[in-house]
A.B. asks: 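Can you read through this structure? Questions will come right after.
Atoms within a ligand are numbered from 1 in the order they appear, just like the ligands themselves.
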Amino acid sequence: MPFFKEEDLMSGSVHLSEDGSAVVIVDQTKLPNRTEYLALRTKEDIYDAIKVLAVRGAPAIGICAAYAMYVVSRGKAGMDYEEFAASMQADGEFINSSRPTAVNLSWAIRRQMGVVEAGRGKSTEEIINDLKAGAIAIHREDIEMCGRISEYGLSLVKPGDGILTHCNAGPLATSKYGTAIGPILLGKERGVDFKVFADETRPLLQGARLTSYELEKAGVDVTLICDNMASMVMKNGWVQACFVGCDRIAANGDFANKIGTSGVAILAKHYGIPFYTLGPTSTIDMNCPTGADIRIELREPDEIKTMWYEKPMALPETKCFNPSFDVTDHELLTAIVTDRGIVYPPFDVNLKKLFA
Ligand code: MRU
């Protein structure tokens, strides 16, 4: 079902099908061994795809949810405004309950609900068209934001630098370029080479399966390491900067990202290496005062015990703690790289200025 070609993976993993009846995603759970596409047509399809991480990465989840709001609205064409708005609200809440941490999900659904509210007085068919335009706008804006983040990020490093990254914040998780991987891909386009260390990112291996895949395809020098090797490569002097993504940035600069990110930040501080998070302004949640207010998703023990093994690697009765994200304290952050510029401490003051 090749709705878009493999080379298009470099411009994101989420698209609208030509006839508008489905959100088409690259199934990220199958990479790097198979490139498979899923056509998501119902709110249940969307919920499941987000839940199992077939679509993942904060901006990609937001783009997927925005298109989803359009796709599900098409089945409500015969409704009057009140019924349509109530049904869209219910579908939005259902999709939003699939994962709690990345703010882009609720942000995109709220923005699409704004389109529904602004449509009072219009025909349902007109509002459905507006939802399509709204989703395309969110997708286009993400491409532009990634481009700007990549430019700002590129200004922070020198040719030949070693860059360590955690999880996957490349084109698959966003649109063109990505966020944390954006400066590296933009640099490559301009003939500027870096040496990238990709943490494999236990337990779901986004670094191994997705980041090293994207960078190999782009011809970037990438070395895959287990998460517990980051300290050694830093001590060896091979890392000049850490670039990571983010799922929600609180108003004081604390931020949630893939589990293990805060450990990387602590190591970077120890070795005196600058540590940056890169993300679009849609990932900044000014209604969330600190990292303590971010809800962290807990996932199933099987992801740790059995997922990548032929036989379970622990006894069935062994307890597991499997948080999908952790919060990095803003004091460990050198700067936040956004599409509107690079934000330095004090983050509480300077993030407010960004939105002023
Ligand atoms: O659980 P995941 O794979 O969705 O977690 C993704 C991350 O933590 C990314 O770093 C983050 O969403 C930024 S993607 C540009």
A.B. asks: Taking the non-hydrogen atoms of Gly178, is any one of them nearer than 4.0 angstrom to ligand 1?
C.D. replies: no
A.B. asks: Is Gly57 close to ligand 1, meaning an N/O of one under 3.5 Å from an N/O of the other?
C.D. replies: yes
A.B. asks: Judged by non-hydrogen atoms, does Asn168 sit under 4.0 Å from ligand 1?
C.D. replies: yes
A.B. asks: Do the side chains of Val264 and Met234 get nearer than 4.5 Å, heavy atoms only?
C.D. replies: yes
A.B. asks: Considering only non-hydrogen protein atoms, determine which one is nearest to atom 4 (O) of ligand 1 and report residue, atom name and distance to 0.1 Å.
C.D. replies: Arg99 NH1, 2.9 Å
A.B. asks: Using heavy-atom distances, let me know which of Arg56, Glu297, Arg299, Arg248 sits nearest atom 6 (C) of ligand 1.
C.D. replies: Arg56
A.B. asks: So does Asp91 pair up with Lys76, basic N to acidic O under 4.0 Å?
C.D. replies: yes
A.B. asks: Taking only heavy atoms of Ala173 into account, list the atoms of ligand 1 that are under 4.0 Å away from them.
C.D. replies: 14 (S)
A.B. asks: Please work out, at 4.0 Å between heavy atoms, whether the side chain, the backbone, both, or neither of Val244 comes within that distance of ligand 1.
C.D. replies: neither
A.B. asks: Answer yes or no: is there a side-chain heavy-atom contact under 4.5 Å between Pro203 and Asn322?
C.D. replies: yes
A.B. asks: Record the part of Gln206 in heavy-atom contact with ligand 1 below 4.0 Å; permitted values are side chain, backbone, both and neither.
C.D. replies: side chain
A.B. asks: Using a 4.0 Å heavy-atom cut-off, say whether Ala180 meets ligand 1 through its side chain, its backbone, both or neither.
C.D. replies: neither
A.B. asks: Hey, does Thr261 have a side-chain heavy atom less than 4.5 Å from the side chain of Phe255?
C.D. replies: yes
A.B. asks: Is a salt bridge present between Lys195 and Asp161, judged by a nitrogen-to-oxygen distance below 4.0 Å?
C.D. replies: no
A.B. asks: Starting from atom 13 (C) of ligand 1, which protein heavy atom do you reach first, and at what distance in Å?
C.D. replies: Cys246 O, 3.4 Å
A.B. asks: Check ligand 1 against Thr174 and write out every atom of the ligand that is under 4.0 Å from a heavy-atom position of the residue.
C.D. replies: 15 (C)
A.B. asks: Does even one non-hydrogen atom of Cys167 get within less than 4.0 Å of ligand 1?
C.D. replies: yes
A.B. asks: Which atoms from ligand 1 have a heavy atom of Ala169 less than 4.0 Å away?
C.D. replies: 14 (S), 15 (C)
A.B. asks: In terms of the angle between their ring planes, are Phe347 and His330 parallel, tilted or perpendicular, with boundaries placed at 30° and 60°?
C.D. replies: perpendicular
A.B. asks: Pick one of side chain, backbone, both or neither for how Ala58 approaches ligand 1, counting any non-hydrogen atom pair under 4.0 Å.
C.D. replies: both
A.B. asks: Atom 10 (O) of ligand 1: which protein heavy atom is closest, and how many Å away?
C.D. replies: Asn257 OD1, 2.6 Å
A.B. asks: Which protein heavy atom lies closest to atom 15 (C) of ligand 1, and at what distance to 0.1 Å?
C.D. replies: Thr179 OG1, 3.2 Å
A.B. asks: Identify the protein heavy atom lying closest to atom 5 (O) of ligand 1, giving its residue, its atom name and the separation to 0.1 Å.
C.D. replies: Lys258 CE, 3.3 Å
A.B. asks: Is a salt bridge present between Arg202 and Asp227, judged by a nitrogen-to-oxygen distance below 4.0 Å?
C.D. replies: no
A.B. asks: Determine whether Leu185 and Ser150 make a side-chain contact, defined as any pair of heavy atoms from C-beta on separated by less than 4.5 Å.
C.D. replies: no
A.B. asks: Evaluate the side-chain contact (heavy atoms from CB on, under 4.5 Å) criterion for residues Ile128 and Phe84: first the C-alpha distance (whole Å), next the side-chain angles of each, then the deciding distance (0.1 Å), finally the verdict.
C.D. replies: CA-CA 10 Å; Ile128 292 171; Phe84 178 78; 4.0 Å; yes
A.B. asks: Give me the nearest non-hydrogen protein atom to atom 8 (O) of ligand 1 as residue plus atom name, then the distance to 0.1 Å.
C.D. replies: Asp247 OD1, 2.8 Å
A.B. asks: Is it true that Ser21 and Arg41 share a donor-acceptor pair across their side chains at a distance under 3.5 Å?
C.D. replies: yes
A.B. asks: Using 4.0 Å as the upper bound for N to carboxylate O, is an ion pair formed by Arg120 and Glu82?
C.D. replies: yes
